[in-house]
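In listed order, ligands and their atoms are each counted from 1. It should be emphasised that the depicted structure is a prediction, and the values quoted were computed from it without experimental measurement.
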Amino acid sequence: MVFGTRPEAIKMAPLVKAFLKQDGVFETRVCITAQHREMLDQVLEFFDITPDYDLDLMKPNQNLYSLTADIITELKPVLEDFKPDFVYVHGDTTTTMAASIAAFYCGAKICHVEAGLRTFNMRSPFPEEMNRSVTGVVTNHHFAPTMRSKENLIKENNNEKNILVTGNTVIDALLFSVNKIGNNYSDAEISELMKILDPNQKIILVTGHRRENHGQGFINICEALKSIALQHPECQIIYPVHLNPNVQKPVYKLLADLENVKLIKPLSYPAFVWLMEKAYLIITDSGGVQEEAPSLGKPVLVMRDTTERPEAVEAGTVLLVGTDVYKIINETNKLLSDVSSYESMSKLHNPYGDGKASDRIVEYIKQL
Ligand code: UDP
């Protein structure tokens, strides 16, 4: 099982655990590329996963050329050492794409978790659609989170018998975490958050990291958040700021001085789940958060023009607002002032699964 970023680790963790439970049936090894370092390590610690191989590839100012080349080159000895029958990759990162190519070279069967998400914009200059599509081409077993993603794979002429609709493993991770946090879980970050949060204020939780929003996008996002903070002193904006310098720079420059905006370090996964549960609404460009929030009954404004996750948009719990300053402000104002809008977007809805995706994947492989 190969992964490298925080969201991949969160979504692969339940599957790693499900495979490790099958010791004797499968021999499972975990290889991390550490495309993210700190944020990945936090997740591994929470889920109590110790990687067997750590390629430790994150470098200052890393670029996609050298990262892709390094992943393929550095995976060669790992694959030659372990000689896996199956290599599991997840989602749409550079790690996903490069690891699936390396696995193809070594002749292993490639299993793609969270397969079949598409924006159908291959001309996008951003790498995610290319990463997941290239991975899909070399994949032997596609684990699609929804019927929609299965249909996307069939449209691309993949054989239906190699596609299993599983639900998204993000819900497995979320339910595991909600349960662990609910059981007297003690966490220094949650204690710190309790000190920052004002119980009399509504919490607006913000996250953002996407390459497509770097530059003017983040400047617009910050302008909108500033205006929301000034218009709504009854609200507190809590923003765990992604470590990417393209995000850190505009956010700290434009938002650091506002009293009801709290800029904090990225949170560990349990603290973030805890905070999502406390939030009144969430503004994000994250893929994973779009999937998690509807299960917690939290409305989400997504700062993107398109999404490869249309299911919750169609269900009405997620709304695309792009990075248009006025649209972000107007839709936030609507949710803060119009009870019926808020209620219709905060209905509990879960198009992404029932928390048993990992078990389905393991059972499928057992049957082969
Ligand atoms: N997340 C986290 N700490 C944070 C912000 C997000 O653990 O401070 C989690 C969140 O719950 C979700 C995942 O990170 O599961 C999403 O990661 P990200 O937004 O970086 O990537 P994407 O999902 O867009 O690929």
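- Which of Gly91, Gly208, Ser268, Gly288 comes nearest to atom 23 (O) of ligand 1 through a heavy atom is settled by distance: it is Gly288.
- Aromatic pair Phe26/Phe86: ring centres not closer than 6.0 Å.
- Hydrophobic clustering of Ile, Leu, Val, Met, Phe, Trp and Tyr side chains at less than 4.5 Å, counting indirect connections, unites Val289 with Ile181.
- The nearest protein atom to atom 25 (O) of ligand 1, hydrogens excluded, is given as Pro7 CG, 3.5 Å; this is a heavy-atom distance.
- For atom 22 (P) of ligand 1, the nearest non-hydrogen atom from the set Gly287, Pro266, Ala293 belongs to Gly287.
- His141 has its ring centre less than 6.0 Å from the ring centre of Tyr364.
- Heavy-atom proximity to Arg210, at under 4.0 Å, picks out these atoms of ligand 1: 24 (O).
- For ligand 1, the atoms closer than 4.0 angstrom to any heavy atom of Tyr269 are 7 (O), 11 (O), 15 (O).
- Below 4.0 Å from some heavy atom of Ser286 lie the following atoms of ligand 1, by number and element: 16 (C), 18 (P), 19 (O), 22 (P), 23 (O), 24 (O).
- The residues Lys11 and Asp172 are annotated as not salt-bridged, no charged nitrogen and carboxylate oxygen being separated by less than 4.0 angstrom.
- Where the criterion is an N or O separation shorter than 3.5 Å, residue side chain and backbone included, His242 fails it with respect to ligand 1.
- Under 4.0 Å is where a charged nitrogen must lie from a carboxylate oxygen, and between Glu311 and Arg148 no such pair does.
- The closest protein non-hydrogen atom to atom 3 (N) of ligand 1 is Leu267 O, 2.8 Å.
- Of all protein heavy atoms, the one closest to atom 20 (O) of ligand 1 is Arg6 NH2, 2.9 Å.
- For Lys202 and Tyr280, the positive end sits near the middle of the six-membered ring, less than 6.0 Å away and at most 45° from its axis.
- If you check which protein heavy atom lies closest to atom 9 (C) of ligand 1, you get Ile10 CD1, 3.6 Å.
- Relative to the ring axis of Tyr88, Lys109 does not place its NZ or CZ within 45° and under 6.0 Å from the centre.
- Counting only heavy atoms of the protein, atom 10 (C) of ligand 1 lies nearest to Glu292 OE1, 3.4 Å.
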